[in-house]
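First up is the structure itself, then whatever we jot down about it.
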Amino acid sequence: MNILDKIVNQVKKDLLGQKDNFPIEKLKKEIDYEYKTESLSQSLNIDGLSIIAEIKDTSPSKGKLMCNIDFDSLAKHYFKANVNGISVVTEKNFFNGSIQNIPKLKSIDGYNQTPVLRKDFIVDEYQIFESKYLKADAILLIASLLEEKKLKKFVSLAEELDLEYIVEIHDESELHKVLNVNPKIIGVNNRNLNNFQVDINTTLNIIDKIPKSIIIISESGIYSSEDTKKLYDRGCNGVLIGESIITSGDPYEKIIELKI
């Protein structure tokens with residue numbers, strides 16, 4: 001069993017407990033459906049390279065990342081740098097995340113309406129309703145975890161709930177599947193979720209096959225301005241970066257360095 005299988009199996013186990021403690025019908029009643037989400041797609045649609053900065057405490061492959069910075073301080077660096085989106089990893093067992101980090105982020109003094117992406121392993125519609133309840137602005141849908149029928153169902157539900165979404169792919173076969181749901185944003189994950197190795201050529205090898213009308217985000221393995229320039233020059237609209245910013249010593253300056 002690879003690491004992705006382990007993560008997803010644990011997510012499914014945890015969901016059983018969540019559904020017992022907070023049944024979906026009760027969850028639906030607690031949602032503020034009038035809450036207006038911030039548009040991630042609009043925020044990413046800029047001249048130059050957009051940046052989604054990630055808050056990720058721990059990585060299964062690298063261990064603890066946030067050794068020298070706390071959640072609030074990191075968030076404030078992101079506000080100051082005017083990033084185009086903030087990705088919050090909420091998976092708790094392998095990434096030490098928490099679903100409460102989404103409302104926590106939005107309550108920090110200085111929060112500036114930056115769209116917040118819930119990054120998790122979404123395999124059940126419960127998590128989509130939960131994301132709306134938490135006041136996330138967008139969710140990540142990983143194509144390799146979802147059959148096309150379920151992906152379409154989740155996309156439809158997200159749209160009903162006024163949640164935007166990034167559909168994540170890793171190769172060309174997944175691209176064909178996701179194009180059928182007409183996504184506004186496609187994320188190309190340079191990290192192989194089976195062994196967690198990274199290579200930005202994953203994006204470079206597939207980018208020409210993605211329609212130009214779609215916002216293209218390259219995710220993972222982006223460490224330098226050389227990487228961001230290479231991706232931008234090939235037609236990438238934005239990048240999602242966590243580790244290299246979090247461990248840089250000065251997240252604000254690192255973001256400025258990575259901007260195009």
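Just so it is clear, the model here is predicted, and its values are computed rather than measured. These values consider heavy atoms only, across backbone and side chains, with no hydrogens, waters or symmetry-generated copies.
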- Checking Asp14, Leu16, Asn21 against Gln18 for side-chain contact (heavy atoms from CB on, under 4.5 Å), the one that qualifies is Asp14
- Output, in order, the C-alpha distance, side-chain angles, deciding distance and verdict of side chain to side chain contact (heavy atoms under 4.5 Å, CB included) for Tyr78 and Ile245. CA-CA 10 Å; Tyr78 292 172; Ile245 297 173; 3.7 Å; yes
- Task: Taking the side chain as every heavy atom from C-beta outward, state whether Leu179 and Ile186 have any pair of such atoms under 4.5 Å apart.
- Result: yes
- Salt-bridge contact Lys29-Glu25 (side-chain N to carboxylate O under 4.0 Å): no
- Message: Whether the side chain of Thr202 engages the backbone of Asp199 through a donor-acceptor N/O pair (distance < 3.5 Å, no angle test) should be reported.
- Response: yes
- Rounded distance (nearest 0.5 Å) linking atom CD of Glu54 with atom OG of Ser59: 10.0 Å
- Task: Answer yes if Ile108 and Ile246 sit in the same cluster of Ile, Leu, Val, Met, Phe, Trp and Tyr residues linked by side chain heavy atoms under 4.5 Å apart, and no otherwise.
- Result: yes
- Quick one: do Glu257 and Lys254 make a salt bridge, cutoff under 4.0 Å? yes
- Indicate yes or no for a side-chain donor-acceptor contact from Asn189 to the backbone of Ile169 under 3.5 Å, with no hydrogens or angles considered. no
- Query: Would you say Thr228's side chain and Leu258's backbone share a donor-acceptor pair under 3.5 angstrom?
  - Reply: yes
- Note on the structure: Asn45 meets the side chain to side chain contact (heavy atoms under 4.5 Å, CB included) criterion, sequence neighbours left out, with none
- Message: For Lys104, I'd like to know if atom NZ has over 12 heavy atoms of other residues, nucleotides or ligands within 6.0 Å.
- Response: yes
- Message: Looking only at side-chain N and O atoms, does Glu164 offer a donor or acceptor that is under 3.5 Å from a partner on Ser39?
- Response: yes
- Pairs where residues 207-216 contributes a residue and the test side chain to side chain donor-acceptor pair (under 3.5 Å) is met, not counting sequence neighbours: Asp208-Arg234
- Item | Same apolar cluster (I L V M F W Y, side chains within < 4.5 Å links), Val239/Ile207 | yes
- Message: Looking at Ser156, is its backbone amide N or carbonyl O close enough to the side chain of Glu159 to form a donor-acceptor pair, meaning the two atoms are under 3.5 Å apart?
- Response: no
- Partner of Asp137 under side chain to side chain donor-acceptor pair (under 3.5 Å), chosen from Gln113, Lys106, Arg118: Lys106
- Taking everything shown except Asp109 itself, do over 12 heavy atoms lie less than 6.0 Å from its CG? no
- Is Phe22 close to Glu30 at the side-chain level, that is, under 4.5 Å between some pair of heavy atoms? yes
- Within the distance-only criterion (no hydrogens, no angle test), does the side chain of Lys132 pair as donor or acceptor with the backbone N or O of Leu161 below 3.5 angstrom? yes
- Would you say the side chain of Ile139 lies within less than 4.5 Å of the side chain of Ile122, judging by non-hydrogen atoms? yes
- Message: Whether the side chain of Thr247 engages the backbone of Leu65 through a donor-acceptor N/O pair (distance < 3.5 Å, no angle test) should be reported.
- Response: no
- If we only count heavy atoms from C-beta on, is the Lys19 to Ile24 side-chain gap below 4.5 Å? no
- Using a 4.5 Å cut-off on heavy atoms from C-beta on, say whether the side chain of Ile185 contacts that of Asn237. no
- Leu49 versus Lys229: any side-chain heavy-atom pair under 4.5 Å? no
- Task: Look up atom CD1 in Ile86 and atom CG in Leu105, then write down how far apart they are to the nearest 0.5 Å.
- Result: 4.5 Å
- Task: Please say whether more than 12 non-hydrogen atoms of neighbouring residues, nucleotides or ligands are located less than 6.0 Å from NZ in Lys13.
- Result: no
- Do side-chain atoms of Tyr252 reach the backbone of Phe79 as a donor and acceptor pair under 3.5 angstrom? no
- Message: If I compare all heavy atoms of Val83 with all of Ala53, which pair ends up nearest, and what's the gap?
- Response: CG1-CB, 4.0 Å
- Query: Got Val123 and Leu15 here, is their nearest side-chain heavy-atom distance under 4.5 Å?
  - Reply: yes
- Query: Would you find more than 12 non-hydrogen atoms of other residues, nucleotides or ligands less than 6.0 Å from Lys153 atom NZ?
  - Reply: no
- Message: Quick one: does any side-chain atom of Tyr33 pair with a main-chain N or O of Lys28 as donor and acceptor, under 3.5 Å?
- Response: yes
- Task: Go through Ile7 and Phe95 one step at a time and tell me if the side chain to side chain contact (heavy atoms under 4.5 Å, CB included) criterion holds.
- Result: CA-CA 10 Å; Ile7 293 170; Phe95 294 85; 4.0 Å; yes
- Following the transitive rule for hydrophobic clusters with a side-chain heavy-atom cut-off under 4.5 Å over Ile, Leu, Val, Met, Phe, Trp and Tyr, establish whether Ile260 and Tyr223 coincide in one cluster. no
- Task: Run the salt-bridge test on Glu174 and Lys177 with the 4.0 Å N-O cut-off and return the result as yes or no.
- Result: no
- Got Arg191 and Ser61 here, is their nearest side-chain heavy-atom distance under 4.5 Å? yes
- Is it true that Phe94 and Phe121 have ring centroids separated by less than 6.0 Å? no
- Message: Counting only heavy atoms from other residues, nucleotides and ligands, does the tally under 6.0 Å from CG of Asn68 exceed 12?
- Response: no
- Quick one: does Ser43's side chain have a donor or acceptor within less than 3.5 Å of a partner on Asn84's backbone? yes
- Test item: Asp124 side-chain N/O and Gln127 main-chain N/O as donor-acceptor pair under 3.5 Å: no
- Task: Report the distance from atom CG of Leu117 to atom OG1 of Thr90, rounding to the nearest 0.5 Å.
- Result: 9.5 Å
